[in-house]
Amino acid sequence: MGRLTASEKKFYKDNGYILISNLFTEDELSRLSQEYDNLFQRKNQSKIESSWVGSDANFRESDSPYTVKGIQNLQMHHSVFGELLYHKKLLDALEDVMGTKNIMLHHTKAHYKPPEKGASYPMHQDYPYFPYKNDSMVAAFIHLDDSTPENGGLLVYPGSHLLGPLDDVGGRETTQFHYVDQNKFPIEKATPVVAKRGDVVIFSYLLVHGSTANLSTRPRRMLLVQYADAHDAPSGGEPGQPARGLVLRGVNLNRDATLAKRYED
(Lines give C-alpha, C1' and ligand atoms only; values in the text may rest on other atoms or scores of the structure.)
Protein backbone atom coordinates (compact mmCIF):
# COMPACT_ATOMS: atom_id res chain seq x y z
CA MET A 1 0.00 0.00 0.00
CA GLY A 2 1.06 3.63 -0.17
CA ARG A 3 -0.53 5.15 -3.27
CA LEU A 4 -2.72 7.51 -1.23
CA THR A 5 -1.68 9.86 1.54
CA ALA A 6 -3.01 9.53 5.07
CA SER A 7 -5.29 12.54 4.51
CA GLU A 8 -6.65 11.03 1.28
CA LYS A 9 -7.39 7.74 3.02
CA LYS A 10 -9.15 9.62 5.81
CA PHE A 11 -11.17 11.58 3.24
CA TYR A 12 -12.35 8.31 1.71
CA LYS A 13 -13.19 6.82 5.10
CA ASP A 14 -15.23 9.87 6.08
CA ASN A 15 -16.90 10.57 2.73
CA GLY A 16 -17.16 7.20 0.99
CA TYR A 17 -15.45 8.36 -2.20
CA ILE A 18 -12.26 9.95 -3.46
CA LEU A 19 -11.20 11.51 -6.77
CA ILE A 20 -7.71 10.53 -7.93
CA SER A 21 -5.74 12.07 -10.79
CA ASN A 22 -2.71 10.99 -12.82
CA LEU A 23 -3.18 7.23 -12.64
CA PHE A 24 -3.07 6.86 -16.43
CA THR A 25 -0.63 8.01 -19.07
CA GLU A 26 -1.84 9.88 -22.13
CA ASP A 27 -1.09 6.82 -24.26
CA GLU A 28 -3.19 4.59 -21.98
CA LEU A 29 -6.10 7.05 -22.09
CA SER A 30 -5.90 7.33 -25.87
CA ARG A 31 -5.99 3.56 -26.30
CA LEU A 32 -8.93 3.20 -23.91
CA SER A 33 -10.81 6.03 -25.62
CA GLN A 34 -10.24 4.67 -29.11
CA GLU A 35 -11.31 1.12 -28.30
CA TYR A 36 -14.28 2.45 -26.29
CA ASP A 37 -15.45 4.37 -29.38
CA ASN A 38 -14.79 1.40 -31.66
CA LEU A 39 -16.77 -0.89 -29.37
CA PHE A 40 -19.84 1.34 -29.31
CA GLN A 41 -19.68 1.75 -33.08
CA ARG A 42 -19.68 -2.02 -33.51
CA LYS A 43 -22.68 -2.60 -31.26
CA ASN A 44 -26.29 -2.18 -32.29
CA GLN A 45 -27.15 1.07 -30.55
CA SER A 46 -30.89 0.41 -30.44
CA LYS A 47 -30.32 -2.65 -28.26
CA ILE A 48 -27.99 -1.16 -25.67
CA GLU A 49 -30.05 1.74 -24.43
CA SER A 50 -31.32 2.22 -20.91
CA SER A 51 -32.68 5.10 -18.90
CA TRP A 52 -34.59 5.49 -15.69
CA VAL A 53 -38.26 5.94 -16.57
CA GLY A 54 -39.47 7.08 -13.17
CA SER A 55 -39.15 10.82 -13.70
CA ASP A 56 -40.63 13.29 -16.14
CA ALA A 57 -37.27 15.07 -16.01
CA ASN A 58 -35.93 12.47 -18.43
CA PHE A 59 -38.30 13.61 -21.19
CA ARG A 60 -38.83 16.65 -23.36
CA GLU A 61 -42.00 17.34 -25.29
CA SER A 62 -40.21 17.71 -28.61
CA ASP A 63 -37.75 14.87 -28.23
CA SER A 64 -37.51 11.13 -27.70
CA PRO A 65 -36.80 9.78 -24.21
CA TYR A 66 -33.32 10.42 -22.94
CA THR A 67 -30.96 7.49 -22.94
CA VAL A 68 -27.73 6.01 -21.70
CA LYS A 69 -25.88 3.54 -23.89
CA GLY A 70 -24.36 0.70 -21.91
CA ILE A 71 -22.08 -2.28 -22.55
CA GLN A 72 -20.94 -4.79 -19.93
CA ASN A 73 -18.10 -7.33 -19.73
CA LEU A 74 -15.68 -5.03 -21.54
CA GLN A 75 -12.76 -7.41 -21.15
CA MET A 76 -14.64 -9.86 -23.40
CA HIS A 77 -14.53 -7.34 -26.26
CA HIS A 78 -10.94 -6.09 -26.41
CA SER A 79 -7.67 -6.84 -24.65
CA VAL A 80 -7.12 -3.19 -23.66
CA PHE A 81 -9.95 -3.54 -21.15
CA GLY A 82 -8.42 -6.73 -19.80
CA GLU A 83 -5.14 -4.88 -19.32
CA LEU A 84 -7.04 -2.21 -17.41
CA LEU A 85 -8.06 -4.77 -14.78
CA TYR A 86 -4.39 -5.30 -13.86
CA HIS A 87 -3.36 -1.65 -13.98
CA LYS A 88 -0.78 -1.33 -11.21
CA LYS A 89 -1.42 2.26 -10.15
CA LEU A 90 -5.17 1.68 -10.02
CA LEU A 91 -4.77 -1.49 -7.96
CA ASP A 92 -2.36 0.33 -5.64
CA ALA A 93 -5.02 2.98 -4.99
CA LEU A 94 -7.66 0.29 -4.46
CA GLU A 95 -5.46 -1.41 -1.86
CA ASP A 96 -5.35 1.80 0.14
CA VAL A 97 -9.09 2.37 -0.11
CA MET A 98 -10.18 -1.22 0.49
CA GLY A 99 -7.57 -2.04 3.14
CA THR A 100 -6.64 -5.36 1.53
CA LYS A 101 -4.10 -6.78 -0.90
CA ASN A 102 -6.61 -9.41 -2.03
CA ILE A 103 -8.77 -7.86 -4.72
CA MET A 104 -11.21 -9.64 -7.03
CA LEU A 105 -13.34 -8.48 -9.93
CA HIS A 106 -17.10 -8.23 -9.77
CA HIS A 107 -17.88 -6.74 -13.18
CA THR A 108 -17.06 -4.11 -15.78
CA LYS A 109 -19.24 -1.81 -17.85
CA ALA A 110 -19.20 1.31 -19.98
CA HIS A 111 -21.81 4.04 -20.08
CA TYR A 112 -22.13 6.63 -22.82
CA LYS A 113 -24.34 9.69 -22.31
CA PRO A 114 -24.92 11.24 -25.73
CA PRO A 115 -24.94 15.02 -26.12
CA GLU A 116 -28.30 16.70 -25.40
CA LYS A 117 -30.09 13.38 -24.79
CA GLY A 118 -28.15 11.75 -21.95
CA ALA A 119 -30.48 10.47 -19.25
CA SER A 120 -30.12 11.27 -15.58
CA TYR A 121 -30.01 8.58 -12.92
CA PRO A 122 -31.75 8.94 -9.56
CA MET A 123 -29.83 8.88 -6.31
CA HIS A 124 -29.16 5.26 -5.39
CA GLN A 125 -26.83 2.77 -3.77
CA ASP A 126 -25.27 -0.07 -5.76
CA TYR A 127 -25.78 -2.37 -2.77
CA PRO A 128 -29.24 -3.75 -3.78
CA TYR A 129 -27.92 -4.93 -7.14
CA PHE A 130 -25.21 -7.16 -5.67
CA PRO A 131 -24.88 -7.17 -1.87
CA TYR A 132 -21.78 -8.61 -0.26
CA LYS A 133 -21.54 -10.07 3.23
CA ASN A 134 -18.90 -7.63 4.47
CA ASP A 135 -19.81 -4.68 2.21
CA SER A 136 -16.30 -4.58 0.75
CA MET A 137 -17.39 -3.66 -2.77
CA VAL A 138 -16.13 -0.47 -4.37
CA ALA A 139 -16.36 1.01 -7.84
CA ALA A 140 -13.68 2.73 -9.90
CA PHE A 141 -15.35 5.31 -12.17
CA ILE A 142 -12.89 6.17 -14.95
CA HIS A 143 -13.61 9.37 -16.87
CA LEU A 144 -12.79 9.44 -20.58
CA ASP A 145 -14.13 13.00 -20.88
CA ASP A 146 -14.16 16.05 -18.66
CA SER A 147 -17.27 15.70 -16.52
CA THR A 148 -19.50 18.32 -14.88
CA PRO A 149 -23.22 18.49 -13.98
CA GLU A 150 -23.82 20.06 -17.41
CA ASN A 151 -22.84 16.91 -19.32
CA GLY A 152 -24.29 14.34 -16.95
CA GLY A 153 -21.57 14.10 -14.34
CA LEU A 154 -21.51 12.12 -11.11
CA LEU A 155 -23.28 13.43 -7.99
CA VAL A 156 -22.76 12.08 -4.47
CA TYR A 157 -23.97 12.44 -0.90
CA PRO A 158 -20.68 12.51 1.06
CA GLY A 159 -20.74 10.31 4.14
CA SER A 160 -23.94 8.50 3.16
CA HIS A 161 -22.06 5.18 3.06
CA LEU A 162 -21.95 5.35 6.86
CA LEU A 163 -25.74 4.93 6.94
CA GLY A 164 -25.46 1.35 5.69
CA PRO A 165 -28.03 -0.17 3.31
CA LEU A 166 -30.99 2.19 2.90
CA ASP A 167 -34.63 1.58 2.07
CA ASP A 168 -34.80 0.40 -1.54
CA VAL A 169 -37.72 2.45 -2.87
CA GLY A 170 -36.94 1.46 -6.44
CA GLY A 171 -37.03 -2.21 -5.59
CA ARG A 172 -40.65 -1.84 -4.57
CA GLU A 173 -41.72 0.33 -7.49
CA THR A 174 -39.87 -1.20 -10.44
CA THR A 175 -38.08 -4.41 -11.31
CA GLN A 176 -35.49 -2.57 -13.40
CA PHE A 177 -33.94 0.04 -11.12
CA HIS A 178 -33.03 0.48 -7.48
CA TYR A 179 -33.05 3.91 -5.87
CA VAL A 180 -33.38 5.54 -2.47
CA ASP A 181 -36.09 7.96 -1.32
CA GLN A 182 -35.65 10.94 -3.64
CA ASN A 183 -37.27 13.27 -1.09
CA LYS A 184 -34.63 12.38 1.49
CA PHE A 185 -31.82 12.51 -1.08
CA PRO A 186 -32.87 15.05 -3.74
CA ILE A 187 -30.54 15.20 -6.70
CA GLU A 188 -30.53 19.01 -6.47
CA LYS A 189 -28.75 18.90 -3.10
CA ALA A 190 -26.15 16.29 -4.02
CA THR A 191 -22.47 17.23 -4.34
CA PRO A 192 -21.12 17.34 -7.91
CA VAL A 193 -17.88 15.50 -8.60
CA VAL A 194 -16.15 17.64 -11.23
CA ALA A 195 -13.57 15.50 -13.00
CA LYS A 196 -11.06 15.84 -15.80
CA ARG A 197 -10.37 13.30 -18.53
CA GLY A 198 -8.44 10.46 -16.92
CA ASP A 199 -9.59 11.16 -13.38
CA VAL A 200 -10.82 8.19 -11.37
CA VAL A 201 -13.46 8.27 -8.63
CA ILE A 202 -13.35 5.29 -6.27
CA PHE A 203 -16.46 4.95 -4.13
CA SER A 204 -18.20 2.52 -1.79
CA TYR A 205 -21.23 0.66 -3.12
CA LEU A 206 -23.08 2.05 -0.07
CA LEU A 207 -22.48 5.65 -1.16
CA VAL A 208 -25.66 7.37 -2.36
CA HIS A 209 -24.88 8.63 -5.85
CA GLY A 210 -26.53 9.49 -9.15
CA SER A 211 -26.02 11.72 -12.16
CA THR A 212 -27.63 14.59 -14.01
CA ALA A 213 -28.99 14.57 -17.54
CA ASN A 214 -26.57 15.52 -20.30
CA LEU A 215 -28.05 18.69 -21.79
CA SER A 216 -24.73 19.91 -23.17
CA THR A 217 -23.17 19.50 -26.60
CA ARG A 218 -20.45 17.29 -25.08
CA PRO A 219 -20.63 13.51 -24.58
CA ARG A 220 -19.92 11.86 -21.25
CA ARG A 221 -17.97 8.65 -21.66
CA MET A 222 -17.04 6.48 -18.68
CA LEU A 223 -15.70 3.07 -17.78
CA LEU A 224 -16.59 1.44 -14.49
CA VAL A 225 -15.02 -1.52 -12.73
CA GLN A 226 -16.42 -2.92 -9.49
CA TYR A 227 -14.25 -4.87 -7.09
CA ALA A 228 -14.61 -6.73 -3.80
CA ASP A 229 -12.26 -8.13 -1.18
CA ALA A 230 -11.35 -11.62 -2.38
CA HIS A 231 -12.28 -12.95 1.07
CA ASP A 232 -15.75 -11.43 0.98
CA ALA A 233 -18.71 -13.29 -0.53
CA PRO A 234 -21.91 -12.30 -2.35
CA SER A 235 -25.10 -12.55 -0.31
CA GLY A 236 -27.67 -12.34 -3.09
CA GLY A 237 -28.50 -9.94 -5.89
CA GLU A 238 -27.98 -10.30 -9.61
CA PRO A 239 -26.33 -13.39 -11.15
CA GLY A 240 -22.61 -13.03 -11.59
CA GLN A 241 -21.09 -12.04 -14.90
CA PRO A 242 -18.59 -14.35 -16.63
CA ALA A 243 -15.42 -13.03 -14.95
CA ARG A 244 -16.83 -12.47 -11.47
CA GLY A 245 -14.38 -13.65 -8.84
CA LEU A 246 -11.29 -13.21 -11.02
CA VAL A 247 -8.42 -12.44 -8.63
CA LEU A 248 -6.67 -9.27 -9.81
CA ARG A 249 -4.21 -9.02 -6.92
CA GLY A 250 -3.32 -11.25 -4.00
CA VAL A 251 -5.02 -14.55 -3.21
CA ASN A 252 -8.54 -15.89 -2.72
CA LEU A 253 -8.49 -18.31 0.22
CA ASN A 254 -12.27 -18.70 0.00
CA ARG A 255 -12.38 -19.74 -3.65
CA ASP A 256 -14.46 -22.89 -3.11
CA ALA A 257 -17.03 -21.11 -0.93
CA THR A 258 -17.26 -18.15 -3.32
CA LEU A 259 -17.72 -20.44 -6.30
CA ALA A 260 -20.45 -22.41 -4.54
CA LYS A 261 -22.27 -19.20 -3.65
CA ARG A 262 -22.06 -18.02 -7.24
CA TYR A 263 -23.90 -21.06 -8.49
CA GLU A 264 -26.54 -20.71 -5.77
CA ASP A 265 -27.40 -17.16 -6.92
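Numbers here are sequence positions counted from 1. Just so it is clear, the values below take in all heavy atoms, side chains as well, and ignore hydrogens, waters and symmetry mates.
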Exercise. Considering residues, nucleotides and ligands other than N22, do more than 12 of their heavy atoms fall under 6.0 Å from its CG?
Worked result: no
For this session: Could you check whether the rings of F40 and Y112 sit parallel, tilted or perpendicular, using 30° and 60° as the cut-offs?
Result: tilted
Exercise. Would F130 end up clustered with V180 when hydrophobic side chains under 4.5 Å apart are linked, directly or stepwise?
Worked result: no
Problem set entry | Derivation and outcome, side-chain contact (heavy atoms from CB on, under 4.5 Å), residues Q34 and N38 | CA-CA 6 Å; Q34 184 60 61; N38 291 345; 2.9 Å; yes
Exercise. So, the side chain of N102 versus the backbone of V251: is there a donor-acceptor pair under 3.5 Å, distance only?
Worked result: yes
Problem set entry | Side-chain donor/acceptor of T212 to backbone N/O of P149, under 3.5 Å | yes
Exercise. Would you call D27 and R31 a salt bridge, taking side-chain N to carboxylate O under 4.0 Å as the test?
Worked result: no
Exercise. Should Y36 and V225 be counted in the same cluster of Ile, Leu, Val, Met, Phe, Trp and Tyr side chains packed under 4.5 Å apart?
Worked result: yes
For this session: Side-chain contact test, heavy atoms from C-beta onward, threshold under 4.5 Å: evaluate it for V97 versus Y227 and give yes or no.
Result: no
Exercise. Is the side chain of N134 donor-acceptor paired with the backbone N or O of D232 at a distance under 3.5 Å, no angle test?
Worked result: no
Problem set entry | Nearest-0.5 Å distance that lies between atom OG1 in T108 and atom CD in Q72 | 7.5 Å
Problem set entry | Check: D199 and V201 side chains under 4.5 Å, non-hydrogen atoms | no
Exercise. Side chains of D126 and M137: closer than 4.5 Å at any heavy-atom pair?
Worked result: no
Problem set entry | Nearest-0.5 Å distance, OH of residue Y129 to NE2 of residue H107 | 10.5 Å
Exercise. K69 and T67: side-chain contact (heavy atoms from CB on, under 4.5 Å), yes or no, with the steps?
Worked result: CA-CA 7 Å; K69 316 287 188 180; T67 186; 4.2 Å; yes
Problem set entry | Cluster overlap I202 with L162, hydrophobic side-chain contacts below 4.5 Å | no
Problem set entry | For the student: nearest non-hydrogen atoms of P158 and L207, plus distance | CA-CD1, 4.5 Å
Problem set entry | Spatial distance of atom NZ (K113) from atom CE (M222) [nearest 0.5 Å] | 9.5 Å
For this session: For the residue pair H209 and L154, establish whether any side-chain heavy-atom pair is separated by less than 4.5 Å.
Result: yes
Exercise. Among F203, Y205, F11, which residue meets the ring-ring contact (aromatic ring centres under 6.0 Å, His included) test with Y17?
Worked result: F11
For this session: Can you measure from CG (L215) to CD (E150) and round to the nearest 0.5 angstrom?
Result: 9.0 Å
Problem set entry | I20 side chain reached by L4 side chain, heavy atoms, under 4.5 Å | yes
Seminar exercise, completed: Value for CZ (R220) from NE2 (H143), rounded to nearest 0.5 Å, stands at 7.0 Å
Problem set entry | Closest approach of H106 to Y132 (non-hydrogen atoms, all atoms of both residues) | CD2-OH, 3.2 Å
For this session: Could you tell me whether the side chains of D229 and S136 share a donor-acceptor contact shorter than 3.5 Å?
Result: no
Exercise. Does D145 come within less than 4.0 Å of R221, counting only side-chain N to carboxylate O?
Worked result: yes
Exercise. Can you get from M123 to Y121 by hopping between Ile, Leu, Val, Met, Phe, Trp and Tyr side chains that sit under 4.5 Å apart?
Worked result: no
Exercise. Among K9, K101, K89, whose salt bridge (Lys or Arg N to Asp or Glu O under 4.0 Å) with E95 holds?
Worked result: K101
For this session: Taking all non-hydrogen atoms of both residues into account, name the closest pair between R218 and N151 and its distance.
Result: NH1-ND2, 3.3 Å
Exercise. Are the side chains of D146 and T148 in touch, meaning some heavy atoms are under 4.5 Å apart?
Worked result: no
Exercise. How many angstroms lie between CG in L248 and CG in L85, if you round to the nearest 0.5 Å?
Worked result: 5.5 Å
Problem set entry | pair L144-L223: side-chain heavy atoms closer than 4.5 Å | yes
For this session: I would like to know whether V138 and M98 meet side-chain contact (heavy atoms from CB on, under 4.5 Å); could you show each step before the answer?
Result: CA-CA 8 Å; V138 302; M98 299 173 69; 3.8 Å; yes
Problem set entry | Pair D168, H178: side-chain N/O donor-acceptor within cut-off below 3.5 Å | yes
Exercise. Taking the inter-plane angle between the rings of F81 and H78 on a 0 to 90° scale, is it parallel (under 30°), tilted (30 to 60°) or perpendicular (over 60°)?
Worked result: perpendicular
Problem set entry | Least distance between heavy atoms, L23 atom then E28 atom | O-OE1, 4.1 Å
Problem set entry | Side-chain (S160) to main-chain (V208) donor-acceptor, under 3.5 angstrom | yes
Problem set entry | Any side-chain donor near an acceptor of the partner, E26 and S30, under 3.5 Å | yes
Exercise. If every non-hydrogen atom of S211 is compared with every non-hydrogen atom of G152, which pair is closest and at what distance?
Worked result: CB-O, 3.6 Å
Exercise. Honestly curious: do I18 and I103 fall in one hydrophobic cluster under the side-chain, below-4.5 Å linking rule?
Worked result: yes
Seminar exercise, completed: What one should report as the nearest heavy-atom pair of Q125 and L166 is OE1-N, 2.9 Å
Exercise. Do any N or O atoms from the side chain of H231 and from the backbone of N254 form a donor-acceptor pair under 3.5 angstrom?
Worked result: no
Exercise. Is there a side-chain contact between P192 and L155 (heavy atoms, below 4.5 Å)?
Worked result: yes
For this session: Start with the C-alpha gap between R249 and T100, add the side-chain angles, then the distance that decides, and say whether side-chain contact (heavy atoms from CB on, under 4.5 Å) holds.
Result: CA-CA 10 Å; R249 177 170 285 187; T100 180; over 6 Å; no
Exercise. According to the interplanar angle, ranging from 0 to 90°, do the rings of F185 and Y157 count as parallel (below 30°), tilted (30 to 60°) or perpendicular (above 60°)?
Worked result: perpendicular
